Amino acid sequence: MLLLSYIKENQDTVVKGLEKRHFPEPEKTISKVLLLDEERRSTQQENDESLHEMNTLSKQIGQLMREGKRDEAEAVKAKTTELKSKTKDLGDSLSRIQLELENLLLTIPNIPNEEVPAGKGEEDNDVVFQHGKAPELHDGARPHWELIKEYDIIDFDLGIKITGAGFPVYKGAGARLQRSMINFFLDEARRAGYTEIQPPIVINEASGRGTGQLPDKDGQMYHINEENFYLIPTAEVPITNLYRDVILSEDELPVMNVGFTPCFRREAGSWGAHVRGLNRLHQFDKVEIVRIEKPENSADILKEMCQYVQGLLEKLELPYRVLNLCAGDLGFTSSQTFDMEVYSAAQDKWLEVSSVSNFRTFQSNRLKLRYRSSADQKPELLHTLNGSALALPRIIAAILENNQTPDGIRIPSVLVPYTGFEMITNQD
RNA sequence: AGAGGAGUGGCAGAGUGGUCGAAUGCGGCGGUCUUGAAAACCGUUGUACCGCGAGGUACCGGGGGUUCGAAUCCCUCCUCCUCUGCCA
């Protein structure tokens, strides 16, 4: 959620930012916000005055009662009747206006920062970096959804039997590869200074609102009716919400957390013919890095996090490219996002495996996540950032496809100490 | 899941209808003393909103209600503790 004070002081920037995102009728929305805010302030002033008067009279009554001046007290009481209903009305309008303002603010996405390219959709994203080259595959090389059958390492049909489409079962070497990658990613993050967190993978409504999944992505999360809980779409949600309603001291910064969790996404309406195999799932594993930084550092930290993720891809020997997402393709809560895509040779396709974002104060404003730079300073909102490091299924898809040989699938050497095998073959 | 108890400031803990944003202790910050530190003593110490300011308003787990007036009474939800039951 954007800061109201920011909107007030930077109307032009906000309107231009929303235009860049192709947000409909930005000017109209912003003037509505400002109008509601004005209404809120004047109503609050009236309300406060009215409450003040009530408080004063009530104290008088108490005083008179104590002095035994019953009749005088009753006289003052009579005066409060009218005031009371006025106060009630004012209070009602105030909360109605506040709710309307809050709901309107919740529909406004984050403002893209200056480095974000203009554009409408994914075709306008900027490729800012590219590394590695496509492997030369042997004749008869196949996409991963065929390879997993041949080597019997991932079974979609069994997943359909147990749950439904998009919930694969990992078997044998497939399960071990998956577990190895989780450990590898967590160990790498730990070496880079991140603290490992194992959060709940079920969250309440307040957490969903805190990081901005609610109300924006309500239909995209699995919901548990009895408890009004949601299955997490990413570890970002529980890990960032650890800091909801928290005022950190300066020496607690920066916060660098990493967590592995399964992630659940309904992906309602987003399935197409091109989405096959591991490319899109309802449940998948992901290691997520989450950082909380002082505002002045967040821009540099975003780049640092990208470097970190790129390092992982290089260690896995995967060809990849980095996209600076254009304003139209930016997530609702993000001010800038870099996507990492690996090249999948057998599909001749780029697969998104990481998304690294700076939310600036958009999340911390909802979370009320602040820090105090010194004892006599007012608390200041922090910046939150996060990134996948990494999401597993598409990495597995890329490894299977890029590393296939007539004799089996070669495991990247950095993973071999974790898997305990160098090749996936039919003998496993 | 059933029965009982409890949720108050960074922490501990008093307060059961009026001058309570809230005693007291601890902790934190500033100072006096000291070469320095400790001890002792003095002062200070929540957040948000409105207001140029003086100042005002709200917040005692969340929400609603009773009352001129609620931390205090009522309803409801949440959380924690104890016992019983169940169970990785």
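Chain letters run A, B, ... following the sequence lines, proteins first, then strands; residues in each count from 1. The shown structure was predicted, so the numbers you read here are calculated from the model rather than taken from an experiment.
Rounded to a whole angstrom, the distance from the C1' atom of B:rA14 to that of B:rC68 is 28 Å. Comparing B:rU32 with B:rU47, their P atoms sit 26 Å apart, to the nearest whole Å. Comparing the same atom, C1', in B:rA12 and in B:rU67 gives a spacing of 33 Å after rounding to whole Å. Spacing between B:rG31 and B:rG25 at atom P, rounded to whole Å, works out to 22 Å. Taking atom P in both B:rA70 and B:rC78, the straight-line distance is 26 Å, to the nearest Å. B:rU24 and B:rG46 have their P atoms separated by 14 Å, with the value rounded to a whole Å. The separation of B:rG27 from B:rC11, taken at their C1' atoms, amounts to 7 Å, rounded to a whole angstrom. The same atom, C1', is picked in B:rC73 and in B:rG15; the two are 16 Å apart, to the nearest Å.
One atom, CD1 of A:Ile61, and another, P of B:rA70, lie 11 Å apart when rounded to the nearest Å. To the nearest angstrom, P of B:rA48 lies 12 Å from CD of A:Glu380. The distance from atom CG of A:Leu3 to atom C1' of B:rC49 is 14 Å, rounded to the nearest whole Å. Between the CE atom of A:Met54 and the P atom of B:rA58 there is a distance of 11 Å, rounded to whole Å. Put simply, NZ on A:Lys378 is 9 Å from C1' on B:rC49, counting in whole angstrom units. If you take CD of A:Gln98 and P of B:rA58, they are 14 Å apart, rounded to a whole angstrom. For A:Arg66 and B:rG17, the CZ to P distance is 14 Å, given to the nearest whole Å. In this structure, CD of A:Glu227 is placed 14 Å from C1' of B:rU79, rounded to the nearest angstrom.
Below 30°, between 30° and 60°, or above 60°: for A:Tyr222 and A:Phe264 the angle between ring planes is above 60°, a perpendicular geometry. Ring geometry, A:His223 versus A:Tyr230: the interplanar angle falls from 30° to 60°, so the pair is classed tilted.
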Heteroatom pairs (N/O) under 3.5 angstrom, protein to nucleotides 50-57 of chain B:
| unit_1 | atom_1 | unit_2 | atom_2 | d |
| --- | --- | --- | --- | --- |
| B:rC50 | OP1 | A:Arg40 | NH2 | 2.9 |
| B:rC50 | O4' | A:Gln44 | NE2 | 3.3 |
| B:rC50 | O2' | A:Gln45 | NE2 | 3.2 |
| B:rG51 | OP1 | A:Arg41 | NE | 3.1 |
| B:rG56 | O3' | A:His52 | ND1 | 2.9 |
| B:rG56 | N2 | A:Asp48 | OD2 | 3.0 |
| B:rU57 | OP1 | A:His52 | ND1 | 3.0 |
| B:rU57 | OP1 | A:Asn55 | ND2 | 3.2 |
| B:rU57 | O2' | A:Asp48 | OD1 | 3.1 |

Below 3.5 Å between N/O atoms, which protein atoms pair up with nucleotides 59-66 of chain B? Just atom names and distances, please.
none

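Helical stems in RNA chain B, defined as runs of 3 or more consecutive Watson-Crick or G-U wobble pairs with both donor-acceptor distances under 3.5 Å, are listed by first residue as B:1-7 with B:78-84, B:10-12 with B:24-26, B:27-32 with B:40-45, B:46-50 with B:55-59, B:61-65 with B:73-77.
Of the inter-residue distances, the one linking A:Ser357 atom OG with A:Asp339 atom CG reads 7.5 Å to the nearest 0.5 angstrom. For the atom pair A:Ile148 CD1 and A:Leu278 CG, the distance stands at 5.5 Å (nearest 0.5 Å). Separation of atoms CZ (A:Arg209) and CG (A:Asn241) is listed at 12.0 Å; rounding is to 0.5 Å. Rounding to the nearest 0.5 Å places CD1 of A:Ile108 at 8.5 Å from CZ of A:Phe362. Atom-to-atom distance recorded for A:Arg394:CZ and A:Leu351:CG is 6.5 Å, nearest 0.5 angstrom. Note that CD1 of A:Ile289 and OG of A:Ser354 are 7.0 Å apart. Values are rounded to the nearest 0.5 Å.
Close to B:rU47, at under 4.0 Å from its OP1 or OP2, lies no side-chain N or O of A:Arg370.
Heavy atoms of other residues, nucleotides or ligands lying less than 6.0 angstrom from NZ of A:Lys303 number more than 12.
Each of A:Thr211, A:Val255, A:Ile239, A:Thr234 was compared with A:Val290 under the side chain to side chain contact (heavy atoms under 4.5 Å, CB included) criterion, and only A:Ile239 meets it. Each of A:Arg66, A:Lys59, A:Gln60 was checked for a side chain to side chain donor-acceptor pair (under 3.5 Å) with A:Gln63, and the lone residue meeting it is A:Arg66.
A salt bridge does not link A:Glu74 to A:Lys79: none of the charged nitrogens lies less than 4.0 Å from a carboxylate oxygen. Taking a cutoff of 4.0 Å between a charged side-chain nitrogen and a carboxylate oxygen, A:Lys20 and A:Glu114 do not qualify as a salt bridge.
Set against B:rC68, B:rA48, B:rG46, the side chain of A:Met65 has B:rC68 as its closest nucleotide.
When each of A:Ile247 and A:Lys77 is assigned the nucleotide of RNA chain B with its nearest heavy atom, A:Ile247 is the one assigned upstream, toward the 5' end.
A:Thr80 comes within 4.0 angstrom of the backbone, heavy atoms only, and of no base.
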